[in-house]
Amino acid sequence: MHRRYFPEDFIWGAATASYQIEGAYNEDGKGESIWDRFSHTPGKILNGDTGDVACDHYHRFREDVKLMKELGLDSYRFSISWPRVLPEGKGQVNEKGLDFYKQLVDQLLKAGIDPAITLYHWDLPQALQEKGGWANRDTAKYFVEYANLIFKELGDVVPLWITHNEPWVVSFPGHAFGEHAPGIKNYQTALQVAHNLLLSHGMAVQSFRQLGLPGKIGITLNLTPVYPFSDNEADQKACDLQDAFINRWFLDPIFEGSYPEELHQIYRKKVGEFIIKNDDLEIINQKIDFLGINYYLRLVVKHNPDYNIFGVETVKPEGREYTEMGWEVYPEGLYDLLIRLHKDYAPEALYITENGAAYQDQIDADGRVHDQKRIAYLKAHLKNAHRAIEAGVPVKGYYIWSLMDNFEWAFGYSKRFGLIYINYDNQQRILKDSAYWYRTIIAKNYIED
Ligand SMILES: N=[N+]=NCCCCNC(=O)[C@@H]1[C@H]2[C@H](O)[C@@H](O)[C@H](O)[C@@H](CO)[C@@H]12
């Protein structure tokens, strides 16, 4: 067996997000979020599930930190619920909400686990949505005020900061397709949202620098390598367009200070303009300390003039494996993506801030969860991350999505991604076989293939 050793200082982590695990949706002064509103709207979430209780992490965080310590995690990535600390999104601070996060960070530090904070993982205060939400440029200003509050409270003890999680998903599923909160179906609005999210990211980085904080700051993007169905020119062109739609529309402004021109032209013609003010792109193009990558799947596309505004149709190759989300298992795509990012954008550092899979997990007669498929998925992706590191890509850490089963957005609790199984009837936590497997990987710092 070949041992693939990871760098001595490689960070082994796991990730979650506030709305997906905390529950206590209206407790201790927390304000309503757009996901509270969306999940309480009939027909939006499978089985009518909501995040009202979720994994009850708000009350059980001490037990959960103990489990993280049992796994030997170096770092734990979680997000802060903006309306839990600022119920109206701005103005009056909810001290009990802030206190929850200060206690969580304190428990993590006592357990020897580095906190990695995501400032925005989709749960915008509903009060700001009433004022237009991310389509309103003022929300960028309110985001920086919120970020500054957290920076000042936790900035001296938290080493890793992520401004936004997956602005593409916030923009398009949330504002063009209507599948995510706030459930808007307006492509032009989605483009303005994407721009204002990027602007708020740049402004928050500037503020972080001005505060002179010791940690590192970056952004997490869902990046999906795109492959042409055939090598004919039309399919290759479709591939380039899909790559611009999902990946470059965020990578280019952040790393180059400009939007992909060809796609911008298509949008001007077919969708309409969105407002960019004079030095916006200069603000967005702030130097970041690392790029966070959420990698789950690849896409294979072909040209189809009738399919959508781009004439791009995604296809599902035969004979491949798919997860419960219908996403193709394609570990090589992580290698290809890392090599491309290193070549085209050369981030100072990269963290895989999410990678994982949903499978049909069940508790067996022995009371255990034998999730062998998940172990195979994770091992194959770690192998490809290691290949990229050997090729010189500065990958500094890996966070499994997710630490525990949780509220999977429009799919509710029907999809399980966790290393830890959650029995939602009694909130019992059960370490799956993948958790025990991950604990040995962290302890040995190598995988065998
Ligand atoms: N149309 N459409 N939209 C599909 C969105 C594709 C990419 N989804 C993600 O990357 C989300 C990321 C998220 O951070 C986490 O909160 C989610 O729980 C995981 C699992 O789903 C992944």
Side-chain angles (χ1 to χ4, degrees), residues 13-22 33-35 38-39 44-46 49 51 54-55 57 77-81 116-124 162-181 183-185 187 190 194 197 219-226 242 245-247 249-250 292-299 301 308 310 312-314 322-330 333-334 337 351-359 361 374 377-378 381 399-419 422:
T16 65
S18 46
Y19 189 76
Q20 297 182 269
I21 66 164
E22 288 180 1
S33 79
I34 57 174
W35 270 95
F38 195 68
S39 70
K44 298 299 182 189
I45 311 296
L46 195 63
D49 289 343
C55 309
H57 178 71
R77 176 184 173 229
F78 63 97
S79 75
I80 289 184
S81 167
I117 289 182
T118 306
L119 288 166
Y120 188 72
H121 201 124
W122 308 356
D123 41 359
L124 185 75
I162 294 163
T163 52
H164 281 286
N165 179 75
E166 302 194 346
W168 182 90
V169 178
V170 177
S171 307
F172 297 99
H175 295 81
F177 314 148
E179 295 161 357
H180 283 191
I184 291 170
K185 293 184 182 175
Y187 220 107
L197 285 165
I219 187 170
T220 278
L221 302 177
N222 55 292
L223 296 174
T224 305
V226 189
Q242 187 74 6
F245 168 50
I246 294 189
N247 304 316
W249 195 254
F250 295 89
I293 304 163
N294 288 358
Y295 177 76
Y296 286 96
L297 69 155
R298 72 159 175 177
L299 287 177
V301 300
N308 57 25
F310 305 125
V312 176
E313 182 182 356
T314 54
Y322 292 85
T323 70
E324 283 300 298
M325 296 297 283
W327 296 346
E328 184 186 348
V329 180
Y330 194 72
L334 179 56
L337 172 64
Y351 286 87
I352 297 163
T353 40
E354 287 179 31
N355 176 240
Y359 287 113
D361 299 330
R374 181 170 292 105
Y377 178 100
L378 296 172
H381 286 80
Y399 292 80
I400 290 181
W401 185 268
S402 177
L403 173 72
M404 65 181 87
D405 296 337
N406 59 52
F407 178 83
E408 181 46 41
W409 308 113
F411 292 96
Y413 299 101
S414 68
K415 308 296 181 189
R416 293 178 180 273
F417 279 86
L419 292 169
I422 300 288

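Please read these numbers as outputs of a predicted model, since none were measured by experiment. Order of listing sets the numbers, starting from 1, for every ligand and every atom in it. One-based numbering along the sequence shown.
Contacts of F172 with ligand 1, taken as heavy-atom pairs under 4.0 Å, are absent altogether.
Ranking the protein heavy atoms by distance from atom 5 (C) of ligand 1 puts V169 CG2, 4.0 Å first. Of the protein's non-hydrogen atoms, the one nearest atom 6 (C) of ligand 1 is W327 CZ2, 3.9 Å. The protein atom (non-hydrogen) at minimum distance from atom 1 (N) of ligand 1 is E179 OE1, 3.0 Å. Among protein heavy atoms, atom 10 (O) of ligand 1 sits closest to E166 OE2, 2.7 Å. The protein heavy atom nearest to atom 13 (C) of ligand 1 is E354 OE1, 3.4 Å. Protein heavy atom nearest atom 18 (O) of ligand 1, with residue, atom name and distance: E408 OE1, 2.7 Å. At the top of the distance list for atom 19 (C) of ligand 1, counting protein heavy atoms only, stands Y296 OH, 3.5 Å.
With Y399 as the aromatic partner, R77 does not meet the cation-pi criteria of under 6.0 angstrom to the ring centre and within 45 degrees of the ring axis.
Note on ring orientation: taking the six-membered ring where Trp is involved, the planes of W35 and Y19 are tilted (angle from 30° to 60°).
Counting all heavy atoms, side chain and backbone alike, L299 lies closest to Q242 at CD1-NE2, 3.6 Å.
A side-chain contact (heavy atoms from CB on, under 4.5 Å) with H164 is found for one member of L119, L221, T220, L197 and no other, namely L197.
Set against the non-hydrogen atoms of P173, the atoms of ligand 1 under 4.0 Å away are 1 (N), 2 (N), 3 (N). Atom numbering of ligand 1 starts at 1 in the shown order; those under 4.0 Å from a heavy atom of N294 are 14 (O). Shown in contact with Q20 at under 4.0 Å from a heavy atom are these atoms of ligand 1, numbered in order with element: 15 (C), 16 (O), 18 (O). Within ligand 1, the atoms closer than 4.0 Å to a non-hydrogen atom of H121 are 13 (C), 14 (O), 15 (C), 16 (O), numbered from 1 in the order shown.
Distances between N or O atoms of N406 and those of ligand 1 include no value under 3.5 Å.
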N165 and W122: CA distance, side-chain angles, deciding distance, side-chain contact (heavy atoms from CB on, under 4.5 Å) verdict: CA-CA 7 Å; N165 179 75; W122 308 356; 3.3 Å; yes

Evaluation steps, side-chain hydrogen bond (donor to acceptor under 3.5 Å, both in side chains), between S402 and T16: CA-CA 6 Å; S402 177; T16 65; 5.7 Å; no

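Contact annotation: the side chain of H57 never approaches that of N406 to less than 4.5 Å [non-hydrogen atoms, C-beta and beyond]. A heavy-atom distance below 4.5 Å is not found between the side chains of L223 and Y295.
For the atom pair F417 CZ and D405 CG, the distance stands at 10.0 Å (nearest 0.5 Å).
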